[in-house]
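Proteins come first, then strands; the chains are lettered A, B, ... in the order of their sequence lines, and each starts at number 1.
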There are 2 protein chains.
Amino acid sequence: MAVDREQVLRSAAALLTRKATATMDEVARAAGISRATLHRHFAGRDALVRALESLGIAECEAALEEARTDEGPAAEAVRRLVRAMEPSAALLAFLYTENQLFEGEEQNEGWARIDAAFTELFRRGQESGEFRIDLTPAWLTEALYGLLASGAWAVAEGRVARNDFTHMIAELLLGGALRREEP
Amino acid sequence: MAVDREQVLRSAAALLTRKATATMDEVARAAGISRATLHRHFAGRDALVRALESLGIAECEAALEEARTDEGPAAEAVRRLVRAMEPSAALLAFLYTENQLFEGEEQNEGWARIDAAFTELFRRGQESGEFRIDLTPAWLTEALYGLLASGAWAVAEGRVARNDFTHMIAELLLGGALRREEP
DNA sequence: CCCACATGAGACAGTCTTGTCTCATTCAGG
DNA sequence: CCTGAATGAGACAAGACTGTCTCATGTGGG
């Protein structure tokens, strides 16, 4: 009887990732509930997107926690981080493009904390000598978001195998396309 | 008097990149013309997007031509390609996300040719031993689109300097974040 | 100078989406 | 079994956007 708010958000995220302009009615159907019930739980489309944003922020923070990005070699930390974020990639892909629409409005402060943590990880890698210094931490953070989104879409459309997701993203971000010289 | 169709498409691309849901009225105002005139030149929103898609395809093909991707080392070809695509990055960023909406509809065949050329470039790099083989050409192609879009947004929001655009994208795609051992 | 043509401004109906409301139904717990 | 709360279905008005139309303007070419 009682609607599972979490499950509604999950299916909404899955749908909106595929079709960002889906109507409230489509979101409701995707969640297997009526539009009226959807409105009872989320005051409107804005509230729904805000709730998805909160969910995304919470998952990112959980991933940061789980990956322990301040421990060990930065490269390994990045790999752990990508692996921890994989389940959230589709949601982040939606939020990443949705954020482009928030023209003037200030964005949720949660993102600032997450961006700071990402940036700090890349900065730490540069300081330790692991990472090159000609690519700014801000750009590496941006690229991580972009690659996660690209990866989520590529998987959704069958262009990349789901099992390769973590490897493709982490290794491209870390090592790039060029072949390494054998040591 | 006569409206410059090209200039209208340019300003539409610039606006839609920032705000993908802009109305026909906003697009018209951004181009400095009335909504009626915009409708006289593009039958509707669909036609406008199609025209933008054609423009994007034409620019990609021009960039491929200019970069001569079948000549010289693959890595250098990728650098030339990114440099040639830089002016189109914002438009591509819009089309990249817009394509996510074309659920069922078949996509323009032009993209297939462009994807094929990109993929062939990465495949050539793998064959020559320049590129690693654990990242598939399809994923590298996807990542190139994603990084171009991320770069365009990062520049638009001031998180990356416009002058660094080409370097940031090409070098991340090729070399990744890890520092190379000195030879 | 004059005319044809492109444009701007605005009106208009049609459609889609939203947000709210009502009412009947169903389900769980007492 | 009974009651209350949550849900589904549907109606409804309001608003936004679209696509089309008309009419006045003014501008460039003949």
Measure from [atom1] on [X] to [atom2] on [N] and round the result to the nearest Å.
X	N	atom1	atom2	answer
A/D25	C/dT20	CG	C1'	15 Å
B/F42	D/dT18	CZ	P	15 Å
B/R45	D/dT20	CZ	C1'	18 Å
B/D4	C/dT7	CG	P	11 Å
B/D46	C/dT15	CG	P	17 Å
B/H39	C/dC12	NE2	C1'	14 Å
B/M24	D/dG19	CE	C1'	9 Å
A/K19	C/dC16	NZ	P	12 Å

Any side-chain to backbone donor/acceptor pair from [X] onto [Y]? Under 3.5 Å, distance only.
X	Y	value
B/Q126	B/R132	yes
A/R159	A/W153	no
A/T141	A/P137	yes
A/R80	A/A75	no

B/E66 and B/R83 ion-paired at < 4.0 Å: no

A/S128: partners by side chain to side chain contact (heavy atoms under 4.5 Å, CB included), with sequence neighbours left out: A/E130

Look for any protein N or O under 3.5 Å of an N or O in nucleotides 8-11 of chain D and output each such pair with its distance, or none.
{"residue": "D/dG8", "atom": "OP2", "partner": "A/S34", "partner atom": "N", "Å": "3.1"}
{"residue": "D/dG8", "atom": "OP2", "partner": "A/S34", "partner atom": "OG", "Å": "3.2"}
{"residue": "D/dG8", "atom": "OP2", "partner": "A/T37", "partner atom": "OG1", "Å": "2.5"}
{"residue": "D/dG8", "atom": "O6", "partner": "A/R40", "partner atom": "NH2", "Å": "3.1"}

Side-chain N,O (A/H41) to OP1/OP2 (D/dT7) below 4.0 Å: yes

